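Notes follow once the structure below has been shown.
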There are 2 protein chains.
Amino acid sequence: MSTTQSESHVLSKSCQYALRAVVYIAANATPSHLTGAQEMADSLEIPKHFLSKILQQLTRNQLVSSTKGPNGGFYLSEENERTTIDRIVEIMDGPGLFKACVLGMPECSAVHPCPLHFQAVDYRDGLYHKLKRLTIQELADVVHKGHVQL
Amino acid sequence: MSTTQSESHVLSKSCQYALRAVVYIAANATPSHLTGAQEMADSLEIPKHFLSKILQQLTRNQLVSSTKGPNGGFYLSEENERTTIDRIVEIMDGPGLFKACVLGMPECSAVHPCPLHFQAVDYRDGLYHKLKRLTIQELADVVHKGHVQL
DNA sequence: TGAATAAAAGACCCTTATATCCTTTATTCA
DNA sequence: TGAATAAAGGATATAAGGGTCTTTTATTCA
């Protein structure tokens with residue numbers, strides 16, 4: 001009974017990598033030692049070239065900072081550290097994730113709900129509101145205390 | 001500042017179509033008038049051939065019933081009507097969705113959590129337990145009462 | 001029986017996500 | 001200044017998801 005399953009996910013792989021990378025930078029970069037793409041790729045076990053692409057995207061959107069050349073690499077400005085998780089998700093996966101209907105219907109709302117609207121909406125909104133208040137720095141702190149793996 | 005976003009989603013399109021189709025069948029098929037793929041495709045605005053393939057997958061897994069030939073089509077047995085939503089999701093998208101880590105880490109659990117584990121897990125499990133108790137028939141009833149759009 | 005109907009099945013194509021590679025630009029420091 | 005380093009950028013490859021088309025099989029009914 002072979003069934004071809006479409007392996008779905010909440011966050012794209014790019015977004016997952018982006019979040020882990022940014023938290024890694026927050027937890028490991030210091031003014032005297034910036035974090036390089038190579039170091040991150042090794043430590044987080046993310047394909048290096050793919051990670052570089054993602055980091056580029058984040059810097060272009062000013063969610064992480066970088067400098068080129070020897071001793072160059074990535075770091076977070078004070079402002080970068082206060083970035084909330086939802087911002088990263090939005091940059092990587094677009095604004096749709098926390099707004100779109102579970103069943104993909106264009107007109108789904110509390111007034112014209114799809115059959116799963118009320119089952120799904122609190123799940124979605126609950127997560128969204130948490131991520132909207134949670135900063136990179138806060139996650140990095142938890143990592144530093146060793147309570148969590150990256 | 002062009003950012004190539006990877007449009008993520010909770011349920012795959014195949015799964016969204018599958019759920020809508022099954023609820024449609026439950027709400028519209030009668031012993032004297034089975035629902036055809038064409039009718040469903042038209043009514044739900046789903047590409048017909050794609051829908052057919054999905055329906056095939058569901059019948060192969062005995063979540064919907066069908067007969068060929070003139071006046072043939074799809075219908076739900078009594079047992080089919082009591083199928084819970086999580087079963088459909090599992091057939092279409094695999095068993096991973098409600099178990100996998102938000103950040104895609106293989107070893108994520110309450111003991112070795114990823115940075116977002118506790119933020120995500122209760123919502124994920126909450127939705128899962130709802131879908132595990134919710135049947136096709138129950139959704140079809142809501143549709144019949146006109147409270148919901150398909 | 002045979003023509004018409006509708007699902008089952010399989011081959012195929014297009015788009016997007018994921019991943020890799022190569023070249024260019026900026027920076028450091030000997 | 002120039003060699004080395006590391007990010008930025010662009011072009012390309014691979015895989016999976018989404019979608020289409022054609023043929024086969026089962027069923028009905030005239």
Side-chain angles (χ1 to χ4, degrees), chain A residues 1-18 21 25 29 32-42 44-75 92-94 96-97 104, chain B residues 1-18 21 25 29 32-42 44-75 92-94 96-97 104:
Chain A
M1 196 158 313
S2 76
T3 340
T4 346
Q5 292 154 342
S6 330
E7 211 48 57
S8 70
H9 48 249
V10 178
L11 302 179
S12 71
K13 217 152 208 177
S14 300
C15 187
Q16 296 177 343
Y17 289 163
I25 298 171
S32 59
H33 172 73
L34 305 189
T35 328
Q38 185 68 62
E39 175 191 333
M40 269 187 269
D42 293 345
L44 300 176
E45 296 182 283
I46 298 174
K48 178 190 167 180
H49 295 288
F50 192 25
L51 178 58
S52 299
K53 274 276 113 67
I54 291 163
L55 260 352
Q56 253 180 64
Q57 218 179 124
L58 293 171
T59 51
R60 250 189 280 121
N61 286 275
Q62 292 154 19
L63 296 184
V64 318
S65 310
S66 70
T67 61
K68 295 180 178 181
N71 306 320
F74 300 91
Y75 65 98
M92 300 305 299
D93 285 348
L97 176 56
Chain B
M1 194 159 311
S2 75
T3 338
T4 347
Q5 292 155 342
S6 330
E7 213 46 57
S8 71
H9 48 250
V10 178
L11 303 179
S12 70
K13 216 150 209 179
S14 299
C15 186
Q16 297 176 343
Y17 289 162
I25 298 171
S32 59
H33 172 73
L34 305 190
T35 330
Q38 186 67 63
E39 173 190 334
M40 269 186 269
D42 292 345
L44 300 177
E45 294 182 285
I46 298 174
K48 177 188 169 183
H49 294 290
F50 191 25
L51 178 59
S52 297
K53 210 159 58 172
I54 291 164
L55 259 353
Q56 253 179 66
Q57 220 180 120
L58 292 171
T59 51
R60 252 188 279 121
N61 285 274
Q62 291 155 17
L63 296 184
V64 317
S65 310
S66 71
T67 61
K68 294 180 179 181
N71 307 319
F74 300 91
Y75 64 98
M92 300 307 298
D93 285 348
L97 176 57

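The structure displayed is predicted, hence computed values, not measured ones. All values below come from the heavy atoms of this structure, side chains included, with hydrogens, waters and symmetry mates left out. So that the names make sense, note that chain A is the first sequence line, chain B the second, and so on, each numbered from 1.
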Nearest whole angstrom, please: distance from the P of C/dG10 to the CZ of B/Phe50. 18 Å
If you round to the nearest 0.5 Å, how far is OH of B/Tyr75 from NE2 of B/His33? 15.0 Å
Rounded to whole Å, how long is the line connecting atom OH of B/Tyr75 with atom C1' of C/dA6? 14 Å
How long is the span from the CD1 atom in B/Ile46 to the NZ atom in B/Lys13, to the nearest 0.5 Å? 10.5 Å
Are any side-chain N or O atoms of B/Asp93 and backbone N or O atoms of B/Leu11, one a donor and one an acceptor, separated by less than 3.5 Å? no
Rounded to the nearest 0.5 Å, how far apart are CG of A/Leu51 and CD of A/Glu45? 12.5 Å
Atom pair distance, as rounded to whole Å: CG in B/Leu58 and P in C/dA9: 13 Å
Taking the side chain as C-beta and beyond, is there a heavy-atom pair between A/Met92 and A/Leu58 under 4.5 Å? yes
Qualifying residues under side-chain hydrogen bond (donor to acceptor under 3.5 Å, both in side chains), relative to A/His49, sequence neighbours excluded: none
Ignoring hydrogens and geometry beyond distance, is a side-chain donor-acceptor pair present between A/Asn61 and A/Gln57 at under 3.5 Å? no
Quick tally for nucleotides 4-16 of chain D: nucleotides whose base has a protein heavy atom under 4.0 Å get B, sugar-phosphate-only ones S, the rest -, giving BBBSBBBB-----
Atom pair CZ/CG of B/Arg60 and B/Leu55 - distance to nearest 0.5 Å: 11.0 Å
The dot-bracket string of DNA chain C, counting Watson-Crick and G-U wobble pairs with both distances under 3.5 Å, using [ ] for crossing pairs and | for pairs to another strand, is ||||||||||||||||||||||||||||||
Could you check whether any side-chain heavy atom of A/Met40 comes within less than 4.5 Å of a side-chain heavy atom of A/Ile25, counting everything from C-beta outward? yes
Rounded to whole Å, CE of B/Met40 lies from C1' of C/dA6 at a distance of 11 Å
Mind calculating the distance between CD (B/Gln16) and C1' (D/dG18) to the nearest angstrom? 12 Å
Once you round it to whole Å, what is the distance between P of C/dA17 and CG of A/Leu11? 14 Å
When rounded to whole Å, the NZ to C1' distance for the pair B/Lys13 and C/dA17 reads 15 Å
Taking only the side-chain nitrogens and oxygens of B/Tyr17, find out if one of them lies under 4.0 Å from OP1 or OP2 of D/dG18. no
Nucleotide C/dC21, atom P - distance to CG of A/Leu51 in whole Å: 15 Å
